[in-house]
Chemist: 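Submitted below is the structure of interest, expressed as structure tokens.
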Amino acid sequence: MRTKKHRAALAATVAAATAAMALTGSAASAAPRAPHTEKASVAPDGTDGNGASGGPSLSANGRYLAFVSDADNLVAGDTNGTADAFVRDLKTGTTRLASTAEDGGPWDGHVLDVSLSADGRYLAFTSNPTYNTADNHIWVKDLKNGAVQRIDDSFDTGYEAAAGPALSADGRYVALVALHTSFEGPPGDRSSRVYRVDRVTGETVRISQVPGEGAWKSAATRPSISADGSRVGYQFFVPYPTRGDWSDAYVRDVPSGELFQADKAPDGKVSDGQTEFPQVSADGRYAVFNSLDSQLTPGDTNNGHNAFLRDLKTGKLRRIDAADPAASTAYPRLSADSRYLVFGSSDPADPNRARQAYVRDLRTGRTVLASPSVQGGPSGSYGVSFPVIDRHGRQVAFSSSAADLVPGDTYDTTHVFVRHLR
């Protein structure tokens, strides 16, 4: 009896130890990888895409990455000979051609830009079958069932084209730039405008203000949209070469119609520089932008662009400085939880002025280089462009021609990269 009990106890001990080892092994295998960079614009066999890629857009969870590419070797069967929209699953490492007809056939037109919904299901893109701006149109692809919808862009007399889409989190609303395509239209109001389209009801709302005849600033561009679609940010500017304060950042609250100027200078101050690349936060409370305006905050003496964060509820404005106050900061993008800000900055001492991507934790102030070379320091002679960030600041995507971001790389063209921060 004692022997049976002893054997049973021993068996139980071994089983428990084996289970513990299995759990430990499972936990070890599930441990997060160290921060690393991957090139996303690659063929199925891992070789480089044979054409330029750029314009990245990330889903909120950081799993899906959309981008535009001239390459025809990213997927099998890409035979239309022009730029297409692609979506890469960063978890599985697979890429799909997204700009296809509903039956899966080739798309008739080259793709100019992309916007992925936060849930990763819908992809909006601008396509043009010719090189005439009047033929720019926006389409929304349901990546789950393959359905394709063209957004009606007959907004007003003289407006028959659109570009620059931005999708709400669930893909229902599209903010876009309506393009003026003729000489028709009211005097003083014949430049690009920003609209919001409800894809379910078809309702169209003009977001950008009516400038009026003789207005200096009269064109709108670079729309962004809050997660629920209730707020739309945009850039309002002078549609011809100029100097000084030629561009501003605005946010429209659609339900109330209230318009916020995000880059408004303090009382008694006169703006002396332009504002560009605005974005409204996912919750609609904040707006980020970069500006050459030195009057927005005290102590702005670097004579360059700086990124700013405006709290639209309290009115508080925060300047985002680089580690070196003399360096500029630009192209800011806020994570959906409003905690992390990715931005570009270049070292004034760098003769190449190669722009790097950084992520700032707005709560702790900690800043991380998001575009390091394989040696760990800033990338070399080629900078990064238009970085974007996921919901919780874990992934950053950007385009670059740099050949030192991943091991064994050589320069060939511009590629899309993803930095996995944690």
Side-chain angles (χ1 to χ4, degrees), residues 55-67 85 87-91 96 98 113-126 138-149 151 162 164-177 194-205 207 222-234 250-256 260 262 277-289 309 311-313 332-342 362 386-397 418:
S57 179
L58 276 170
S59 62
N61 65 2
R63 176 170 178 173
Y64 300 102
L65 169 72
F67 59 94
V87 175
R88 184 169 179 83
D89 185 331
L90 297 173
K91 184 177 181 179
R96 64 181 289 186
D113 50 43
V114 294
S115 174
L116 192 62
S117 62
D119 60 9
R121 175 169 178 172
Y122 298 96
L123 180 74
F125 59 92
T126 304
I138 291 174
W139 304 78
V140 177
K141 177 77 169 281
D142 186 329
L143 298 172
K144 186 176 181 180
N145 62 30
V148 182
Q149 175 191 14
I151 302 301
L167 282 173
S168 60
D170 62 0
R172 173 172 178 170
Y173 298 100
V174 186
L176 52 81
V177 180
V194 168
Y195 285 85
R196 190 198 73 172
V197 176
D198 185 332
R199 295 177 52 236
V200 174
T201 67
E203 179 192 29
T204 297
V205 178
I207 299 298
R222 302 189 189 282
S224 60
I225 192 166
S226 62
D228 65 1
S230 65
R231 289 192 168 185
V232 177
Y234 62 95
Y250 286 89
V251 173
R252 173 81 70 182
D253 182 80
V254 179
S256 69
F260 302 87
F277 303 102
Q279 177 209 16
V280 66
S281 63
D283 63 4
R285 175 168 178 170
Y286 302 97
V288 294
F289 54 88
L309 172 73
D311 186 328
L312 299 174
K313 183 177 180 179
R333 281 297 176 265
L334 196 61
S335 62
D337 63 5
S338 297
R339 176 170 178 173
Y340 298 95
L341 183 77
V342 63
L362 297 173
F386 306 112
V388 293
I389 192 167
D390 72 354
R391 178 191 290 125
H392 297 304
R394 296 188 178 100
Q395 273 79 237
V396 171
V418 177

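If you're wondering where the values come from, they're calculated on a predicted model, not measured in any experiment.
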Chemist: Evaluate side-chain contact (heavy atoms from CB on, under 4.5 Å) for Leu334 paired with Leu362, printing each intermediate quantity in order.
Modeler: CA-CA 10 Å; Leu334 196 61; Leu362 297 173; 3.7 Å; yes

Chemist: Using a 4.5 Å cut-off on heavy atoms from C-beta on, say whether the side chain of Tyr234 contacts that of Ile207.
Modeler: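 With C-beta onward as the side chain, the pair touches.
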
Chemist: Could you state the interatomic distance from CZ (Arg172) to CZ (Arg196), rounded to the nearest 0.5 Å?
Modeler: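 Output value for this atom pair is 8.0 Å.
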
Chemist: Decide yes or no for Leu90 and Tyr64: does some side-chain heavy atom of the first lie under 4.5 Å from some side-chain heavy atom of the second?
Modeler: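 SC-SC contact between Leu90 and Tyr64 ruled out.
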
Chemist: Could you measure the distance from the CZ atom of Phe260 to the CG atom of Leu312? Nearest 0.5 Å is fine.
Modeler: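 One gets 6.0 Å once the value is rounded to the nearest 0.5 Å.
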
Chemist: If I take atom CG from residue Asp170 and atom OG from residue Ser117, how far apart are they, to the nearest 0.5 angstrom?
Modeler: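 Going from the CG atom of Asp170 to the OG atom of Ser117 covers 8.0 Å.
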
Chemist: Minimum heavy-atom separation for Val388 and Leu58, please, with both atom names.
Modeler: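 So the two residues come closest at O-CD1, 4.0 Å.
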
Chemist: Looking only at atom types and distance, does a side-chain atom of Ser168 sit under 3.5 Å from a main-chain N or O of Gly229, one as donor and one as acceptor?
Modeler: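 Judged by distance alone, no pair lies under 3.5 Å.
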
Chemist: List the atom of Ile138, the atom of Ala162, and the distance in Å for their closest heavy-atom pair.
Modeler: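 Scanning both residues completely, I find the closest heavy atoms to be CD1-CB, 3.8 Å.
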
Chemist: For the residue pair Pro387 and Val396, what are the closest heavy atoms and their distance?
Modeler: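 For Pro387 and Val396, the tightest heavy-atom pair comes out as CB-CG1, 4.2 Å.
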
Chemist: Quick one: does Ser59's side chain have a donor or acceptor within less than 3.5 Å of a partner on Gly120's backbone?
Modeler: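 Answer holds: no.
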
Chemist: Check for a donor-acceptor pair, side chain of Ser226 on one end and backbone N or O of Gly284 on the other, with a separation under 3.5 Å.
Modeler: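 Pair absent, no side-chain N/O of Ser226 close to backbone of Gly284.
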
Chemist: Where do Val232 and Val280 land on the side-chain contact (heavy atoms from CB on, under 4.5 Å) test, with the steps shown first?
Modeler: CA-CA 7 Å; Val232 177; Val280 66; 6.0 Å; no

Chemist: Apply side-chain contact (heavy atoms from CB on, under 4.5 Å) to the pair Arg121 and Asn145, showing each step before the final yes or no.
Modeler: CA-CA 9 Å; Arg121 175 169 178 172; Asn145 62 30; 3.8 Å; yes

Chemist: So does Asp337 pair up with Arg391, basic N to acidic O under 4.0 Å?
Modeler: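 Result for this pair is no, no salt bridge flagged.
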
Chemist: May I ask you to decide if the ring planes of Phe277 and Phe386 are parallel, tilted or perpendicular, using 30° and 60° as cut-offs?
Modeler: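 Correct class here is tilted.
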
Chemist: Between Gln279 and Ser224, what is the shortest heavy-atom contact and its length?
Modeler: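 Closest pair (atom of Gln279, atom of Ser224, distance): CA-OG, 3.3 Å.
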
Chemist: Within the side chain of Ser57, is there an N or O that forms a donor-acceptor pair under 3.5 Å with the backbone of Leu116?
Modeler: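 Checking the backbone N and O of Leu116 against the side chain of Ser57, a donor-acceptor pair under 3.5 Å is found.
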
Chemist: Assess the residue pair Leu341 and Val288 against the criterion (side-chain contact (heavy atoms from CB on, under 4.5 Å)); give the C-alpha distance rounded to whole Å, side-chain angles, the decisive distance to 0.1 Å, and a yes or no.
Modeler: CA-CA 9 Å; Leu341 183 77; Val288 294; 3.9 Å; yes

Chemist: Kindly compute the distance separating CG (Leu123) from CZ (Arg96), expressed to the nearest 0.5 Å.
Modeler: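 Leu123 CG to Arg96 CZ: 9.0 Å, rounded to 0.5 Å.
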
Chemist: Enter the distance from Trp139:CH2 to Lys141:NZ here, rounded to the nearest 0.5 Å.
Modeler: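 That separation rounds to 11.5 Å.
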
Chemist: Where is the tightest heavy-atom contact between Asp390 and Ala60, given as atom of each residue plus distance?
Modeler: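 Heavy atoms of Asp390 and Ala60 come nearest at CB-O, 3.4 Å.
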
Chemist: Is Val418 close to Leu65 at the side-chain level, that is, under 4.5 Å between some pair of heavy atoms?
Modeler: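 Yes, side chains in contact.
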
Chemist: Donor-acceptor pair, Arg199 side chain versus Val174 backbone, under 3.5 Å?
Modeler: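 Such a contact is absent between Arg199 side chain and Val174 backbone.
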
Chemist: Just by distance, do the side chain of Asp113 and the backbone of Gly164 share a donor-acceptor pair under 3.5 Å?
Modeler: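 Yes: the side chain of Asp113 pairs with the backbone of Gly164.
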
Chemist: Minimum heavy-atom separation for Tyr122 and Leu167, please, with both atom names.
Modeler: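 The pair with the smallest heavy-atom distance is O-CD1, 3.6 Å.
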
Chemist: When you measure from the centre of the six-membered ring of Tyr340, is the NZ or CZ of Arg394 closer than 6.0 Å and no more than 45° off the axis?
Modeler: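 Not satisfied by the 6.0 Å and 45° rule.
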
Chemist: For the side chain of Arg333 and the backbone of Ile389, is there at least one donor-acceptor N/O pair under 3.5 Å apart?
Modeler: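 Such a contact is absent between Arg333 side chain and Ile389 backbone.
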
Chemist: Measuring from Arg285:CZ to Leu309:CG, what's the distance to the nearest 0.5 Å?
Modeler: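 It comes to 10.0 Å.
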
